[in-house]
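Take a look at the structure set out below.
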Amino acid sequence: MDQLDSIKKYDLTASFFLMHTFYWGDWYKQIIGPDKAQQISPIHSALKKGIRVTSHTDAPVAMPNLMMIMWTTVNRVSRSGSVMGQNERLTPYQALKSITIWGAEQFFEEDRKGSIKAGKLADFVLLDKNPLKVDPMTLKDIVVLETIKEGNSIYKKE
């Protein structure tokens with residue numbers, strides 16, 4: 001939390017590893033205490049301060065799975081089922097933007113990536129459910145049906 005003002009001052013983008021809340025949240029409670037553990041990856045606090053935010057996986061620490069990133073960003077639930085920082089949760093729409101539009105902006109690629117628009121690379125996935133309309137606890141169970149890269153299908157679920 002004490003670094004957020006500096007991030008804002010220097011106009012940086014903060015990229016958070018929200019899967020910490022799931023994989024190591026319970027451990028953090030034991031190591032740094034239950035109160036401090038609630039502040040792991042303070043993405044909502046950063047967003048409220050006007051900081052650009054993104055979410056990432058830290059692969060190979062946690063394998064790339066954007067639906068799991070979205071699930072942890074929205075729910076912040078540990079392996080034991082404890083909520084890790086209820087006030088740091090993002091909405092599903094904000095979480096989706098943190099891995100698409102805002103991610104492209106972080107790399108100064110928003111003119112080519114991050115959203116579906118004429119003239120962009122046409123990189124996107126088709127999902128079996130709308131992540132903005134499902135129970136947030138089911139976000140990690142959404143299945144990628146097809147992946148389109150630069151307008152070409154490169155993966156299709158059997």
Side-chain angles (χ1 to χ4, degrees), residues 1-26 28-29 35-59 61-79 81-118 120-149:
M1 293 294 244
D2 62 341
Q3 296 173 16
L4 295 181
D5 289 334
S6 293
I7 291 169
K8 176 69 176 167
K9 176 182 175 183
Y10 294 108
D11 194 30
L12 302 173
T13 298
S15 186
F16 294 96
F17 180 33
L18 274 299
M19 287 197 282
H20 264 132
T21 58
F22 176 73
Y23 289 112
W24 301 285
D26 297 319
Y28 273 101
K29 287 191 293 187
D35 294 336
K36 278 285 193 197
Q38 299 301 307
Q39 297 176 5
I40 297 169
S41 298
I43 193 167
H44 188 261
S45 292
L47 197 58
K48 282 191 337 190
K49 287 182 175 278
I51 297 169
R52 290 180 310 271
V53 298
T54 62
S55 302
H56 67 274
T57 67
D58 252 7
V61 173
M63 295 310 292
N65 179 338
L66 295 182
M67 298 318 301
M68 183 66 173
I69 292 173
M70 193 170 173
W71 182 84
T72 55
T73 303
V74 170
N75 296 297
R76 297 181 62 99
V77 174
S78 72
R79 290 185 204 211
S82 296
V83 174
M84 301 301 302
Q86 177 147 345
N87 295 334
E88 295 300 337
R89 291 172 163 172
L90 294 189
T91 67
Y93 184 65
Q94 291 168 325
L96 186 60
K97 287 178 80 172
S98 79
I99 57 175
T100 57
I101 294 170
W102 298 340
E105 290 172 354
Q106 181 180 18
F107 288 94
F108 308 102
E109 297 178 333
E110 64 271 19
D111 60 326
R112 303 178 311 126
K113 299 177 180 178
S115 62
I116 302 169
K117 185 177 175 184
K120 291 193 174 185
L121 289 177
D123 295 347
F124 61 93
V125 294
L126 300 175
L127 305 172
D128 73 336
K129 294 177 188 72
N130 182 340
L132 304 179
K133 295 187 176 187
V134 299
D135 173 351
M137 288 301 289
T138 67
L139 287 168
K140 64 180 172 38
D141 304 318
I142 292 177
V143 174
V144 174
L145 300 176
E146 187 172 6
T147 302
I148 310 294
K149 173 98 172 114

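We're numbering straight along the sequence, starting at 1. Quick note: numbers below take in every heavy atom, side chains included, and nothing from hydrogens, waters or symmetry partners.
The side-chain heavy atoms of I69 and M19, taken from C-beta on, include a pair separated by under 4.5 Å. You'll find the side chain of F17 reaches within 4.5 Å of the side chain of V61, heavy atoms only. Under the 4.5 Å side-chain criterion, counting only non-hydrogen atoms from C-beta, R52 is not in contact with Q106. Counting heavy atoms from C-beta outward, S55 and S98 have side chains that approach closer than 4.5 Å. In this structure, L127 and L145 have side chains that are not in contact, with every pair of non-hydrogen atoms separated by 4.5 Å or more. Contact annotation: the side chain of F16 never approaches that of L90 to less than 4.5 Å [non-hydrogen atoms, C-beta and beyond]. Here the side chains of K120 and S115 are in contact, with some heavy-atom distance below 4.5 Å.
Listed here is the closest heavy atom pair of A37 and M84: O-CE, 3.6 Å. Minimum heavy-atom separation, A46 to V53: CB-CG1, 3.7 Å. In plain terms, the two heavy atoms of M1 and S45 that are nearest each other are CE-OG, 3.4 Å. Scanning both residues, I40 and G25, for their nearest heavy atoms gives CD1-CA, 4.3 Å. Across all non-hydrogen atoms, the minimal contact from V74 to P136 is CG1-CB, 3.7 Å. Across P42 and E88, no two heavy atoms sit closer than the pair C-OE1, 3.1 Å.
Rounding to the nearest 0.5 Å places CG of D123 at 12.0 Å from OG1 of T100. Of the inter-residue distances, the one linking I43 atom CD1 with L4 atom CG reads 11.0 Å to the nearest 0.5 angstrom. To the nearest 0.5 Å, atoms CE (M68) and CG (L139) are separated by 11.0 Å. Here the straight-line distance linking atom CG of L18 with atom OG1 of T54 works out to 9.5 Å at 0.5 Å rounding. Residue R79 holds its CZ atom at 7.5 Å from CH2 of W24, rounded to the nearest 0.5 Å. In this structure, E105 CD and K113 NZ are separated by 13.5 Å, a value rounded to the nearest 0.5 Å.
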- Item | Test side-chain contact (heavy atoms from CB on, under 4.5 Å) applied to D141 and W71, step by step | CA-CA 9 Å; D141 304 318; W71 182 84; over 6 Å; no

- Does the salt bridge (Lys or Arg N to Asp or Glu O under 4.0 Å) test come out yes or no for D26 and K29, once each step is laid out? CA-CA 5 Å; D26 297 319; K29 287 191 293 187; 3.6 Å; yes

- Task: Please report the C-alpha distance between H44 and N87 in whole Å, then the side-chain angles of each, then the deciding distance to 0.1 Å, and finally whether the side-chain contact (heavy atoms from CB on, under 4.5 Å) criterion is met.
- Result: CA-CA 7 Å; H44 188 261; N87 295 334; 5.7 Å; no

- Task: Before giving the answer on side-chain contact (heavy atoms from CB on, under 4.5 Å), spell out for W102 and L47 the whole-Å C-alpha distance, their side-chain angles and the decisive distance to 0.1 Å.
- Result: CA-CA 11 Å; W102 298 340; L47 197 58; 3.9 Å; yes

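R89 places no side-chain N or O within 3.5 Å of a backbone atom of V83 that could act as its donor or acceptor partner. Between the side chain of R76 and the backbone N or O of Q86, no donor-acceptor pair lies under 3.5 Å.
Checked against N130 for a side-chain contact (heavy atoms from CB on, under 4.5 Å), the options D128, V134, L132 give a single hit: L132. With Y28 as reference, H20 is the one residue of Q39, H20, Q38 to meet the side-chain contact (heavy atoms from CB on, under 4.5 Å) rule.
Side-chain contact of T21 with T72: a donor-acceptor pair under 3.5 Å is absent, judged by distance alone.
No more than 12 heavy-atom neighbours from other residues, nucleotides or ligands sit within 6.0 angstrom of CD on Q3.
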